[in-house]
Amino acid sequence: MPSAIEQIVDTYVRLKNRRGLDQLMMHRQRLAVDLKSKSGYDFSLPIGQIDEEIAIIEAGLSRLKADAADLAATRPL
């Protein structure tokens, strides 16, 4: 069963919502930077999860880019 982030990314890709994916990415990146700058507690587990989510979002952005390239290649002039 896909995780929540995988379902969200799949939906954004299906709707061709690049802006939504970019916003998801920026949010996760800010979270990662914030957690990595903190000390006094072991944040390795949430940081690892955020890194996994970033990878899923990057894959979604790649799929969206590939879909756009395929569409442009098949579009008549």
Heavy-atom closest pair, residues [X] and [Y]:
X	Y	value
Leu64	Val13	CD1-O, 3.7 Å
Ala32	Ile50	CB-CG2, 3.9 Å
Asp34	Ser37	O-OG, 2.8 Å

Review point. Can you name the salt bridge (charged side-chain N to carboxylate O under 4.0 Å, His left out) partners of Arg63, sequence neighbours left out?
Key: Asp10
Point to revise | Heavy-atom check, side chain of Met25 versus side chain of Gln29, under 4.5 Å | key: yes
Exercise for review: Output all residues satisfying side chain to side chain donor-acceptor pair (under 3.5 Å) with Glu6, sequence neighbours left out; order by chain, then residue number.
Suggested key: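 Only Ser3 meet the side chain to side chain donor-acceptor pair (under 3.5 Å) criterion with Glu6.
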Could you measure the distance from the [atom1] atom of [X] to the [atom2] atom of [Y]? Nearest 0.5 Å is fine.
X	Y	atom1	atom2	value
Leu61	Ile54	CG	CD1	11.5 Å
Lys36	Leu31	NZ	CG	11.0 Å
Leu15	Leu21	CG	CG	10.0 Å
Ile57	Leu24	CD1	CG	4.5 Å

Practice item. Not counting sequence neighbours, which residues clear side-chain contact (heavy atoms from CB on, under 4.5 Å) with Ser62? List them please. Key: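 Ser62: no side-chain contact (heavy atoms from CB on, under 4.5 Å) contacts found.
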Point to revise | Residues forming a side-chain contact (heavy atoms from CB on, under 4.5 Å) with Gln7, sequence neighbours excluded | key: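 So Gln7 forms a side-chain contact (heavy atoms from CB on, under 4.5 Å) with Pro2.
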Check your understanding: Pairs in or reaching into residues 38-48: which pass side-chain hydrogen bond (donor to acceptor under 3.5 Å, both in side chains), with residues at least two apart or in two chains?
Key -> Asp42-Ser44
**Study point:** Pairs flagged by salt bridge (charged side-chain N to carboxylate O under 4.0 Å, His left out) wherever residues 19-32 is involved - sequence neighbours left out
**Key:**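 Residue pairs passing salt bridge (charged side-chain N to carboxylate O under 4.0 Å, His left out), neighbours aside: Arg18-Asp22, Arg28-Glu53.
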Check your understanding: Should Leu35 and Ile5 be counted in the same cluster of Ile, Leu, Val, Met, Phe, Trp and Tyr side chains packed under 4.5 Å apart?
Key -> yes
